[in-house]
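Working notes, structure below.
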Number of protein chains: 2
Amino acid sequence: MPVRKGTCSDSESCGHSLQRLAKFIGDSEEARSKAHSLQALMKRIDQGTEEEVDIFRALADPCRLRILKLLQEGEFCVCEIMIALDRPQSSTSHHLSILKSAGLIKERREGKWSLYRLSDGAVIEIINQSRLLEEEAKTRAPIRRRD
Amino acid sequence: MPVRKGTCSDSESCGHSLQRLAKFIGDSEEARSKAHSLQALMKRIDQGTEEEVDIFRALADPCRLRILKLLQEGEFCVCEIMIALDRPQSSTSHHLSILKSAGLIKERREGKWSLYRLSDGAVIEIINQSRLLEEEAKTRAPIRRRD
DNA sequence: CTTATATATCGAAAATGGTGGATACAATCA
DNA sequence: TGATTGTATCCACCATTTTCGATATATAAG
């Protein structure tokens, strides 16, 4: 469920938006066609968005990002990850299962121990990109974090 | 605030974890030193994690990801974005402000209109990486989405 | 089979985050 | 100055997510 409610789904309702667009563009007829082309564009854009959001959701938690960064160093047992995170076992396990569902890590069982590792180099890439982005933002403006 | 509670923060409490680690490693003394090195490693790893999580949080919403993908096509007015998303104005504005706080987009005011654009090519890169990751996961396993 | 132990899952409370109407603010126009 | 209009912010409601103790499951050992 990406979007929780369908409020203005009816393309004829919410004429407010169209009015605004008409003011912005200058012509009412052009606004209408612009709106249509925007909706068509979004249909194309929406390809795969759902799944990408799932990946970002998995990345959007400090515990999980820390786990991923840790796993850059190799393969770790749950009991090691618990200590690294300084979190209780159930919490650690929960985050690991979310990362696994998102396809970011893989599990290997060895006796009663579960060993986790990154599933792919692409995971590292995406983390590195975010680091770059963060550093760029920092050099451009002193403070970027919201609260 | 990355981590909500400090449960086992006291490095001496939660000896359970250390016990487990000792079982895993085989030696109690080695476990202790392993725990310390893990904690030191995490300290290094945690550099910038906060900010990176903020970036992923900003990306972890379908509306916002759609906005970013739209902005790949150029600069857009809020009234256009509203129509593209098919969302009310307050919601659209809210998402734009989160993206701006995360440093992913930039605003330019022109009269009473606010125009938004991507702040950087790195944003596109990170989205493309996620697409790659998603496609790889799909080819490896049939279904990856959690619920 | 029983015990011990490593991890996963459950469940309920708390925190977080999205939503959209109402309102505030800003800029243009009359 | 007052009216209009585009956008931002506020607010309460609701859905999702996180957290962690308790419990279940799985594997090994006795």
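Residue numbers begin at 1 in each chain, while the letters A, B, ... track the order of the sequences.
If you take CE of B:Met82 and P of D:dT7, they are 8 Å apart, rounded to a whole angstrom. Distance, A:Leu115 CG to D:dA26 C1': 15 Å, rounded to whole Å. Here C:dT19 presents its C1' atom at 11 Å from CG of B:Asp61, a figure rounded to the nearest Å. Atom P of nucleotide D:dT7 and atom CZ of B:Arg87 are separated by 18 Å, given to the nearest angstrom. If you measure from atom CD1 of B:Ile105 to atom P of D:dA8, you get 9 Å, rounded to the nearest angstrom. Distance, B:Glu107 CD to C:dA26 C1': 12 Å, rounded to whole Å. The distance between atom CD1 of B:Ile67 and atom P of D:dT7, rounded to the nearest whole Å, is 13 Å. To the nearest angstrom, P of D:dA8 lies 6 Å from CZ of B:Arg109.
Here B:Arg57 reaches the OP1 or OP2 of C:dG17: one of its side-chain N or O atoms lies under 4.0 Å away. The shortest distance between the side-chain N/O atoms of A:Thr92 and the OP1/OP2 oxygens of C:dT7 is not below 4.0 Å. The side chain of B:Tyr116 contributes an N or O atom lying less than 4.0 Å from OP1 or OP2 of D:dA8.
B:Leu59 has its side chain out of reach of B:Leu99: every pair of non-hydrogen atoms, C-beta onward, lies at least 4.5 Å apart.
Side chain B:Ser90 to base C:dG21: a donor-acceptor pair is found below 3.5 Å. In this model, no side-chain donor or acceptor of A:Gln89 finds a partner on the base of C:dA6 within 3.5 Å.
Counting only heavy atoms from C-beta on, A:Trp113 has its side chain closest to C:dT7 among C:dT7, D:dT9, D:dA22. In this structure, of D:dA8, C:dT7, C:dG20, it is C:dT7 that holds the atom nearest to the side chain of A:Val78. Distances from the side chain of B:His95 to the nucleotides C:dG17, C:dG18, D:dT27 place C:dG18 closest. Relative to the side chain of B:Lys23, the nucleotides C:dA6, D:dC20, D:dA8 differ in distance, and C:dA6 lies closest. Listed candidates were C:dT19, D:dT5, D:dT18. Nearest to the side chain of B:Lys112 is D:dT5. Listed nucleotides C:dT9, D:dT17, D:dT9 differ in distance to A:Ser97; the shortest reach to its side chain belongs to C:dT9. Side-chain proximity of B:Pro88 to C:dG20, C:dT7, D:dT19: nearest is C:dG20.
Across A:Ala31 and A:Leu21, no two heavy atoms sit closer than the pair O-CD2, 3.5 Å.
Judged purely by atom type and a 3.5 angstrom limit, A:Gln39 has no side-chain atom pairing as donor or acceptor with the backbone of A:His36. Listed for the B:Asp46 side chain is no donor-acceptor partner under 3.5 Å among the backbone atoms of B:Thr49.
Comparing A:His94 and A:Phe24 against DNA chain D, the residue whose closest nucleotide sits nearer the 5' end is A:Phe24.
Within 4.0 Å (heavy atoms only), A:Glu110 reaches no atom of the nucleic acid at all.
Connection of B:Leu132 to B:Val123 is not established within any shared hydrophobic cluster, with ILVMFWY side chains joined at heavy-atom distances below 4.5 Å, either directly or through further cluster members.
Applying the 6.0 Å contact sphere to CD of B:Gln47 captures no more than 12 heavy atoms from other residues, nucleotides or ligands.
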